[in-house]
Protein chains: 2
Amino acid sequence: MAAPKMPTIDQMLCFAVYSTGHAFTRFYKPRLEALDLTYPQYLVFLVLWERDDVTVKALGDKLFLDSGTITPLVKRLEARGLVTRRRDEADERQVRVQLTAEGRALQAKAEAIPLAVIEGTGMGLDAADAMRRELFALRERLDAVLGE
Amino acid sequence: MAAPKMPTIDQMLCFAVYSTGHAFTRFYKPRLEALDLTYPQYLVFLVLWERDDVTVKALGDKLFLDSGTITPLVKRLEARGLVTRRRDEADERQVRVQLTAEGRALQAKAEAIPLAVIEGTGMGLDAADAMRRELFALRERLDAVLGE
DNA sequence: CGCAATTGAATTGTGCGCTATGTATATCGC
DNA sequence: GCGATATACATAGCGCACAATTCAATTGCG
């Protein structure tokens with residue numbers, strides 16, 4: 001049997017995910033301007049607003065990002081006085097990240113964003129939920145192949 | 001009516017897209033090692049293998065990427081002798097990108113990748129197609145809000 | 001108790017991806 | 001024909017995202 005032809009990019013699920021990810025980031029950018037945050041920074045705050053005082057490792061686990069990505073990102077936020085970083089006393093390998101009053105106060109500015117995003121997607125909540133679950137399941141299978 | 005609570009990241013479709021995009025890139029990385037290509041570079045080749053001799057503008061349009069991203073990327077491929085870049089004689093604003101023999105020959109090395117990716121997703125073709133179409137439609141709506 | 005293995009964070013280097021800006025070229029309207 | 005406008009590309013700067021590596025701290029085992 002002959003090998004299948006190379007797919008065109010429009011036939012590829014991975015390209016759909018890749019390019020839609022960029023579209024989301026572009027969509028968020030003007031809406032995060034008031035907070036002066038980038039999209040990955042906003043994700044960090046979403047984690048901290050839900051539960052303050054987490055380790056760099058926990059942040060990386062939740063966001064599926066490397067410490068090489070998390071550490072510089074959190075340092076930039078620290079430099080702006082939005083979070084603090086300090087070594088855990090019980091286990092000095094760990095660095096704990098906490099919100100400052102200013103970082104916590106950003107949440108009020110962010111309150112309108114989720115609705116704007118839902119409207120921007122033009123999707124019903126059920127459809128969005130179904131797609132979200134499928135993507136999480138897909139992410140899990142892709143990472144499982146890597147042996148993570 | 002009270003404003004809704006901030007969502008957790010696991011409730012956000014955009015985070016699902018964002019993190020699954022990274023998972024796809026991680027999944028591709030070892031499979032592209034034989035070609036010595038990154039995932040975005042591979043996407044450029046997929047466009048060129050389908051139809052050689054395209055402009056930087058056309059590449060950017062197809063991949064939904066800025067010329068600030070495409071130009072350095074293609075220059076790196078040119079430096080390795082995989083493509084050539086040259087000004088269009090009819091319209092000197094345009095730069096045309098063509099495969100070299102070496103760049104064309106890479107396609108043979110890439111033939112096994114699409115099946116590996118399909119297997120890695122663990123999804124049926126119908127399910128993958130449905131998700132792909134929904135993501136393209138979503139991308140279109142998100143970009144439409146930006147006025148692009 | 002000492003050492004090997006493991007873990008967590010940080011650093012360095014590289015490749016994006018985007019914004020803003022500048023330059024050159026082409027098009028359009030008067 | 002000329003000036004204004006638009007287009008295409010390139011550059012600079014910045015923020016990621018990851019791999020590889022290093023270092024410090026912790027854990028587990030003999």
Side-chain angles (χ1 to χ4, degrees), chain A residues 15 18-30 32-33 35-44 54-80 85-97 139 142-143 146 148, chain B residues 15 18-30 32-33 35-44 54-80 85-97 143 146 148:
Chain A
F15 179 67
Y18 171 85
S19 56
T20 303
H22 296 154
F24 260 122
T25 304
R26 290 193 291 267
F27 179 89
Y28 265 95
K29 184 167 162 49
L32 291 172
E33 258 172 14
L35 287 75
D36 190 18
L37 294 180
T38 65
Y39 179 71
Q41 291 170 352
Y42 174 62
L43 293 177
V44 167
V54 299
T55 64
V56 163
K57 162 88 168 133
L59 269 177
D61 285 346
K62 274 190 157 281
L63 299 175
F64 292 82
L65 295 173
D66 216 65
S67 85
T69 299
I70 298 291
T71 296
L73 196 158
V74 169
K75 278 188 165 183
R76 281 189 285 276
L77 299 175
E78 182 187 37
R80 287 169 53 190
R85 295 166 63 248
R86 82 181 194 292
R87 290 272 159 198
D88 186 78
E89 285 185 9
D91 187 338
E92 288 181 15
R93 290 173 297 182
Q94 297 180 340
V95 166
R96 299 205 150 267
V97 184
R139 181 186 71 194
L142 290 172
D143 279 342
L146 289 175
E148 284 184 2
Chain B
F15 178 67
Y18 171 86
S19 56
T20 303
H22 295 155
F24 260 123
T25 304
R26 291 192 291 268
F27 179 89
Y28 265 95
K29 184 168 162 52
L32 291 170
E33 257 172 14
L35 287 76
D36 191 18
L37 294 179
T38 64
Y39 179 70
Q41 290 170 353
Y42 175 61
L43 292 177
V44 167
V54 299
T55 64
V56 165
K57 162 89 167 129
L59 268 177
D61 284 347
K62 274 191 159 275
L63 298 174
F64 293 81
L65 294 173
D66 212 68
S67 86
T69 299
I70 297 290
T71 295
L73 198 159
V74 169
K75 278 191 165 183
R76 281 188 285 275
L77 298 176
E78 181 187 39
R80 287 168 53 189
R85 295 167 64 247
R86 83 182 193 292
R87 289 275 158 197
D88 186 79
E89 287 185 7
D91 188 337
E92 287 182 16
R93 291 173 298 181
Q94 297 182 340
V95 166
R96 300 203 149 265
V97 184
D143 280 341
L146 288 175
E148 285 185 1

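Just so we're on the same page: letters track the sequence lines, and every chain starts at 1.
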- Task: With sequence neighbours excluded, tell me which residues meet ring-ring contact (aromatic ring centres under 6.0 Å, His included) with B:Tyr18.
- Result: A:Tyr39, B:His22

- Message: Suppose we screen for ring-ring contact (aromatic ring centres under 6.0 Å, His included). Which residues come up paired with B:Tyr42, at least two apart in sequence or across chains?
- Response: B:Tyr28

- Touch check for A:Ala90, heavy atoms < 4.0 angstrom, all strands: base, sugar-phosphate only, or nothing? sugar-phosphate

Given atom [atom1] of [X] and atom [atom2] of [N], what is their separation to the nearest angstrom?
X: A:Leu37; N: C:dT19; atom1: CG; atom2: P; value: 17 Å
X: B:Asp91; N: D:dT7; atom1: CG; atom2: C1'; value: 8 Å
X: A:Asp61; N: C:dA9; atom1: CG; atom2: C1'; value: 13 Å
X: B:Leu59; N: D:dA8; atom1: CG; atom2: P; value: 14 Å
X: A:Leu32; N: C:dC18; atom1: CG; atom2: C1'; value: 14 Å
X: A:Asp88; N: C:dA9; atom1: CG; atom2: C1'; value: 13 Å
X: A:Phe24; N: C:dG17; atom1: CZ; atom2: C1'; value: 18 Å
X: A:Ile70; N: C:dT11; atom1: CD1; atom2: P; value: 15 Å

- Note on the structure: Under a 4.0 Å heavy-atom criterion, the protein footprint on nucleotides 15-24 of chain D, written with B, S and -, is SSBBB-----

Under 3.5 Å, which donor-acceptor pairs link side chains of residues 58-69 of chain A to any protein atom two or more places apart or in another chain?
{"residue": "A:Asp61", "atom": "OD1", "partner": "A:Lys57", "partner atom": "NZ", "Å": "3.3"}
{"residue": "A:Asp61", "atom": "OD2", "partner": "A:Lys57", "partner atom": "NZ", "Å": "3.3"}
{"residue": "A:Asp66", "atom": "OD2", "partner": "A:Gly68", "partner atom": "N", "Å": "3.3"}

- Item | Which residues share a side-chain hydrogen bond (donor to acceptor under 3.5 Å, both in side chains) with A:Lys29, sequence neighbours left out | none

- Got a sec, which residues hit side-chain hydrogen bond (donor to acceptor under 3.5 Å, both in side chains) with B:Arg76, two or more places apart in sequence or on another chain? none

- Between D:dA8, C:dT11, C:dA9, spot the one nearest the side chain of A:Lys75, thanks. C:dT11

- Message: With a 4.5 Å cut-off on side-chain heavy atoms, are A:Arg80 and A:Asp36 touching?
- Response: yes

